[in-house]
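We count ligands from 1, going down the list as the structure has it; atoms in each ligand are counted the same way. Sequence positions, counted from 1, serve as the residue numbers for this chain.
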Amino acid sequence: MLYDFRSFVNPGAYAFGKGTFNHLGELVERRHENSDSWTVFIVDDYFKGKSLIERLPKKDNDLLIWIDTVDEPKTTLVNQYRDEILAHNTKLPSVIVGIGGGTTMDYAKSVGLMVTNPGDSAEYQGLDLIKNKGIYTICIPTISGTGAEVSMTAVLSGPEKKLGIKCDYTIPNEIIFDPELLATVPDEQRFYTGMDCYIHNIESLSGTWVSTLGQVFAEKSVELCREVFLDSNLSRIDADEKLMAASLTGGNSITYSQVGVCHALSYGLSHVLGVHHGVGNCVAFNQLEEYYPEGYKEFKKMQEVQGVAIPTGITANCTEEQFDQMVETAWALEHMWDNAFGKEWRNHITKAKIKELFRRM
Ligand code: NAD
Ligand code: ZN
């Protein structure tokens, strides 16, 4: 274990169920102390021109920031959005609302912190580097699986590394889980992000850091993933409600354990080749039968039932330098290797082996 004791923070309040999004206005109002209190809405730009925007409780003095999800969150854009917020009003906002997937929620979480912590967000990538608590943040997932809505991390790509801002304040204050918001997610993307959740659980359950609490959350989450991705009799809305619960419990599981080999490799793919997290996890997990034999078998079954193809050959044209960069990115994630193999993890995996795994992808 890299740290021996920690009292983990969980989100303060959840609203769960169909139609809960309709109550966003009430939740925002509760946090407004004065008539000039205002809100920042950070929204996935998929929703531009969609009916969800008309349902936003947005007032004249509020600010709406659109998130382009082509790239995963970058420290440079976090800084830019923070500056936009500070320029919008001399008073700080009372609430930040993040509406979207892991990308948008991680922007909401990190921007909410950077409004009250000076400097470049890249300086805060790491554990417990944030000094001041951020703006009250409400996260509203519109695609489920990452667990970003309940996690203590906001994962960012900086000039040097892909690493989360992780501390007690990174946790969202409140979450609205409304499965109706997931209705438009395309099947392929739903599978990739859903497998992020499944893999969180497999890595948590087979890791050396797992505690009874982490295990309980992961076991329930795996059970829900099986219902969602293997039971074809579920209606889409029922499956989406279960997927939201799976994401929540899977995310909680990671809080009380850690991810492993697949995530370390996926971070390498993402940092060097820009591969998105869910896809990267699937591409990596597709080569990890020797480390996660049972999980691998079930993953392949889910893939078959869902009829989704996992990309192959994505490293076929990589240069030796790119392979080395991917290996170094993955190798630096000590906590993941430590969880996967224990303190003596260097006896179980080598840079040569990691490179060979990347070559197969
Ligand atoms: P995402 O947020 O990037 O969204 C994926 C795609 O789905 C986008 O094109 C988006 O526009 C679209 N989309 C979202 N909601 C939709 C809807 N309702 N209808 C139609 N399309 C919709 O994907 P993701 O997999 O949720 O998040 C990935 C990110 O999450 C990565 O940046 C990863 O690093 C991060 N992550 C964070 C944590 C954490 O603990 N903070 C954990 C895992 C992953
Ligand atoms: Zn993940």
Side-chain angles (χ1 to χ4, degrees), residues 11 21 42-53 66-75 77-78 98-110 113 125 137 139-158 161-167 170-172 175 178-204 221 236 240 243-244 247-248 250-255 257-267 269-271 274-282 284-285 333 336:
F21 182 76
I42 297 186
V43 185
D44 184 328
D45 70 4
Y46 164 80
F47 293 103
K48 263 187 191 171
K50 305 280 192 311
S51 59
L52 178 122
I53 293 310
W66 293 110
I67 299 298
D68 178 344
T69 59
V70 170
D71 291 322
E72 295 195 330
K74 287 184 176 19
T75 53
L77 283 175
V78 169
I99 305 178
T103 300
T104 307
M105 293 191 284
D106 278 356
Y107 269 123
K109 288 159 72 175
S110 47
L113 287 172
Q125 284 180 282
T137 303
C139 277
I140 307 180
T142 63
I143 176 170
S144 278
T146 65
E149 65 276 17
V150 293
S151 86
M152 282 174 62
T153 309
V155 185
L156 301 180
S157 287
K161 55 197 170 194
K162 173 171 177 175
L163 187 66
I165 293 182
K166 181 167 183 174
C167 70
T170 324
I171 205 93
I175 310 157
D178 186 339
E180 289 177 346
L181 303 181
L182 270 54
T184 50
V185 177
D187 291 348
E188 206 168 67
Q189 183 62 56
R190 180 171 179 268
F191 179 78
Y192 293 141
T193 300
M195 286 304 103
D196 187 21
C197 173
Y198 179 73
I199 294 166
H200 287 161
N201 298 319
I202 298 302
E203 292 186 307
S204 161
S221 182
R236 170 73 186 242
D240 280 346
L243 186 53
M244 291 202 121
S247 178
L248 188 170
N252 282 343
S253 170
I254 295 303
T255 297
S257 52
Q258 189 44 257
V259 289
V261 179
C262 182
H263 272 72
L265 300 181
S266 173
Y267 272 40
L269 291 174
S270 155
H271 192 58
V275 179
H276 282 216
H277 186 69
V279 185
N281 279 350
C282 288
F285 206 68
L333 297 161
M336 300 185 191

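- Considering backbone and side-chain N/O atoms, Leu182 never comes within less than 3.5 Å of an N/O atom of ligand 1.
- By the 4.0 Å heavy-atom criterion, Met152 is excluded from the residues contacting ligand 1.
- By the 4.0 Å heavy-atom criterion, Tyr192 is excluded from the residues contacting ligand 1.
- Among all non-hydrogen protein atoms, the one lying nearest atom 14 (C) of ligand 1 is Asp44 OD2, 3.4 Å.
- For Cys197, every N, O or S atom stays at 2.8 Å or more from the Zn ion (ligand 2).
- The protein non-hydrogen atom at the shortest distance from atom 7 (O) of ligand 1 is Gln189 CG, 3.6 Å.
- Geometrically, ligand 1 and Thr153 share a nitrogen or oxygen pair separated by less than 3.5 Å.
- Heavy-atom contacts of Asp196 reach the following atoms of ligand 1: 43 (C), 44 (C) (cutoff under 4.0 Å).
- On a distance-only criterion, Thr184 and ligand 1 share at least one N/O pair closer than 3.5 Å.
- By the 3.5 Å distance cut-off applied to N or O atoms, His276 is not counted among the residues near ligand 1.
- If you take NZ on Lys109 and CD1 on Ile165, they are separated by 10.5 Å, rounding to the nearest 0.5 Å.
- Between Tyr267 and His277, the ring planes lie perpendicular to each other; the angle is over 60°, past the 30° to 60° tilted range.
- Shortest contact from atom 8 (C) of ligand 1 to any protein heavy atom: Thr69 OG1, 3.2 Å.
- Ligand 1 has a nitrogen or oxygen under 3.5 angstrom from a nitrogen or oxygen of Thr193.
- For His200, no nitrogen or oxygen atom sits less than 3.5 Å from a nitrogen or oxygen atom of ligand 1, counting backbone and side chain alike.
- Within the structure, the closest approach of Pro73 to ligand 1 falls below 4.0 Å when heavy atoms are considered.
- With hydrogens left out, the protein atom closest to atom 1 (P) of ligand 1 is Thr103 OG1, 3.4 Å, a heavy atom.
- Atom 42 (C) of ligand 1 has its closest protein heavy atom at Thr146 O, 3.3 Å.
- The Zn ion (ligand 2) sits nearest to atom OD1 when only the N, O or S atoms of Asp196 are considered.
- The shortest N/O to N/O separation between Asp106 and ligand 1 falls below 3.5 Å.
- Counting heavy atoms from C-beta outward, Ile99 and Thr104 have side chains that stay 4.5 Å or more apart.
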